[in-house]
2 protein chains.
Amino acid sequence: MGVTIHDVARAAGVSVASASRALSGRRKVTPEVAERVKQAAAELGYRPNAVAKALRDQTTGTIGMIVPGIGNPFFTTIVEAVEHQLQETGRDLLLCASLYTPEIEARRLNTLLARRVDGLIISPCDFEASAPAVLNAARQVPLVQVDRYIEGGGADWVGVDDDSALAQAVDHVVAGGARSVVFVSSRLMNSSARLRLAGFQLATARAGIAARSPLLGEFTLAWGFEAGRSLLADGPLPDAVVCGNDEIAVGLLRALRLGGVRVPEEVSVVGFDDVGHAAMCDPPLTTVRQPVEEMAAEAVRLLGQVRVGEPRAAQRIAIAPRLVVRETSRLATGGTMTGDGQEGRETT
Amino acid sequence: MGVTIHDVARAAGVSVASASRALSGRRKVTPEVAERVKQAAAELGYRPNAVAKALRDQTTGTIGMIVPGIGNPFFTTIVEAVEHQLQETGRDLLLCASLYTPEIEARRLNTLLARRVDGLIISPCDFEASAPAVLNAARQVPLVQVDRYIEGGGADWVGVDDDSALAQAVDHVVAGGARSVVFVSSRLMNSSARLRLAGFQLATARAGIAARSPLLGEFTLAWGFEAGRSLLADGPLPDAVVCGNDEIAVGLLRALRLGGVRVPEEVSVVGFDDVGHAAMCDPPLTTVRQPVEEMAAEAVRLLGQVRVGEPRAAQRIAIAPRLVVRETSRLATGGTMTGDGQEGRETT
DNA sequence: GTGAAAGCGCTAACAG
DNA sequence: CTGTTAGCGCTTTCAC
């Protein structure tokens, strides 16, 4: 470690200024000088110091990202997509997990700000408690929220259109003959949980069917499993269960299976996200696919638009999702699907 | 953005040196000065510039991590564990995905080196092709490999004891009565695939049972599904299938189910990793649990031991895994397990 | 086209 | 205990 541009300049017999110009190519130098410098750099194994460059340029080429947890496959997918988007523009991702805790989240925000990230992409863990830290960060650096957001609408956001999503899910099970349907999701500390519940209630009201009181816990396999058991224990089963995410749906499926309930013959189940293993559980899960790549692309694009200190209306971009029909839901015709379990039939 | 330590010093009526000392607390200042400085910093909303500090200190407090892909839940888990370990010591994670491509991997290594990470944790995607770039990086900065490693043994590594893992898996299905068993895994471009196949062959030889020729593809759900189909197509089924990871196992399970094969009555299936949804698939998967937290802790600890340029024998730490028996494998007694599907019975 | 020098923000000598 | 100053490695005026 430790060959600097001074070493390169000396070896090439030019000034550091010329060396810098030759290496960056952003300014004219004699071809002969350029050649000599590049040669020297290669021979010495010169590697530009990004830290020094960052200090000088006041820009790090680094984007900070904070998600509640990397264990949740949905967040994983979105991290992956964002990382991919950033590659395109030569930037790197500084990744943090808030572990679903506003205090940790605030701390992570501070260290990212201290590291002078050029922008921040965050899925705030708590609708209310996350707000102060997020708004404060947004004052310092371009910030866009993904999936979850904070109350008050003070910062840009890109996510899915939950109303559309839930309407598709509810209409689908209703078309399959469901007359009573229950929603199993997370407690309402985050925006996704709130929006999805609201969307569900709207959709069931519009469809004129009985929405039993929702079961609210966490976005986890374990909660889905538990909810499934309590459904089994608490009297007559609903015709359909709509879930707040796929993890819940998979856990629920497992509980129903253990309880001897046939899906979809007795109960239809619909998930949300379409994570990788949704197509491989048994039966393959009917779910609402989040447009993750689009969301990531949109988030990165938005990030480039934001100018700190330039007052401008906060953008909210809700992308319409698509229902992917697999085999946990009854079809309108009354039959069930067959297939190889890999690809579902998609609604148009 | 832009309140510096100079601003704080001026506001407090002291020199930048005193301000720095007061803020860091690493040197004596009058309590009264300390108070004034802290007050001024708070009022101005001063946030130390980590980039400047890094340039000055020649250390960034940043660890780079490169994994083949974030889509694979095993890597996700390990990233999560490493991130968690780093938090403890106030360091941050610069995360990259190589997308299973040595060229991209080499490029990512270079940018991490340019960013002057204090250390590197990598799971090299290719046993051979990854070697030059990884060894070169190891020459510049402390580097430890996790899970996968490169040929030649030139760099530190921490992972699982694959021989022990496969022995446990094979012995378990043999105890359950299996006389023929096939191994479904990834092609041999990475060390995990090689070691696991070797471990499998060793274990079957020792057990004196028929190991049919292995099916080698990728560590994905899709490959597991495909392998399952070809097993169904290609004549008599084996008594047991041991898989290179859980993704493969879950895909395979699905294919067998579609083919009308009962698991574990007709075929036992064993996975590898014990990722989150292994307990929730149907039936819950018997698998070998990777000690991910220990691996991450060990990797971070090792990183602290390495001194670049100090020649020292490369460490190789193989942690023994544990077989988690769930319901895809026949037990020695000939029966199958029952349970809530959440926790498996663990071997001691 | 090239070089000298300033300066990004910070901390650690080094004097006082 | 406090202040002044050098310098981390880089790019970019500003003169020549």
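Proteins come first, then strands; the chains are lettered A, B, ... in the order of their sequence lines, and each starts at number 1.
Taking the side chain as every heavy atom from C-beta outward, Asp147(A) and Gln290(A) approach each other to under 4.5 Å. A 4.5 Å side-chain heavy-atom check between Asp156(B) and Gln145(B) finds every atom pair outside the cut-off.
Rounding to the nearest 0.5 angstrom, the gap separating the CZ atom in Arg301(B) from the CD atom in Gln315(B) is 7.5 Å.
Helix-axis bend for the helix from dG1(C)-dC16(D) to dG16(C)-dC1(D): the local axis fitted to the five terminal pairs at one end deviates from that at the other end by 50°, rounded to 10°.
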Item to check | Residue pair Gln87(A), Arg108(B): steps toward the side-chain hydrogen bond (donor to acceptor under 3.5 Å, both in side chains) verdict | outcome: CA-CA 10 Å; Gln87(A) 298 306 320; Arg108(B) 312 309 291 123; 3.1 Å; yes

Item to check | Full working for side-chain contact (heavy atoms from CB on, under 4.5 Å) between Cys125(B) and Asn190(B) | outcome: CA-CA 6 Å; Cys125(B) 57; Asn190(B) 61 76; over 6 Å; no

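For CZ of Arg312(A), the number of neighbouring non-hydrogen atoms (other residues, nucleotides, ligands) closer than 6.0 Å is greater than 12.
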Close N/O contacts between protein and nucleotides 10-12 of chain D (under 3.5 Å):
{"unit_1": "dC10(D)", "atom_1": "OP1", "unit_2": "Tyr46(A)", "atom_2": "OH", "d": "2.5"}
{"unit_1": "dC10(D)", "atom_1": "OP1", "unit_2": "Asn49(A)", "atom_2": "N", "d": "3.1"}
{"unit_1": "dC10(D)", "atom_1": "OP2", "unit_2": "Ile5(A)", "atom_2": "N", "d": "2.5"}
{"unit_1": "dT11(D)", "atom_1": "OP2", "unit_2": "Ser20(A)", "atom_2": "OG", "d": "3.1"}
{"unit_1": "dT11(D)", "atom_1": "O2", "unit_2": "Arg56(A)", "atom_2": "NH1", "d": "2.2"}
{"unit_1": "dT12(D)", "atom_1": "O4'", "unit_2": "Arg56(A)", "atom_2": "NH2", "d": "2.9"}

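The two residues Ala106(B) and Ala133(B) come nearest to each other via the heavy atoms CB-CB, 3.9 Å.
Residue contacts shown for Val14(B) are limited to sugar-phosphate atoms, with no base heavy atom under 4.0 Å away.
Taking atom CZ of Arg115(B) as the reference point, atom P of dC8(D) lies 22 Å away to the nearest angstrom.
In this view, Asp126(B) satisfies the side-chain hydrogen bond (donor to acceptor under 3.5 Å, both in side chains) rule with no residue, not counting sequence neighbours.
Each of Val33(A) and Leu55(B) lies near DNA chain C, and the nucleotide nearest Val33(A) is the one positioned closer to the 5' end.
The phosphate of dG9(D) has OP1 or OP2 within less than 4.0 Å of a side-chain N or O from Gln58(B).
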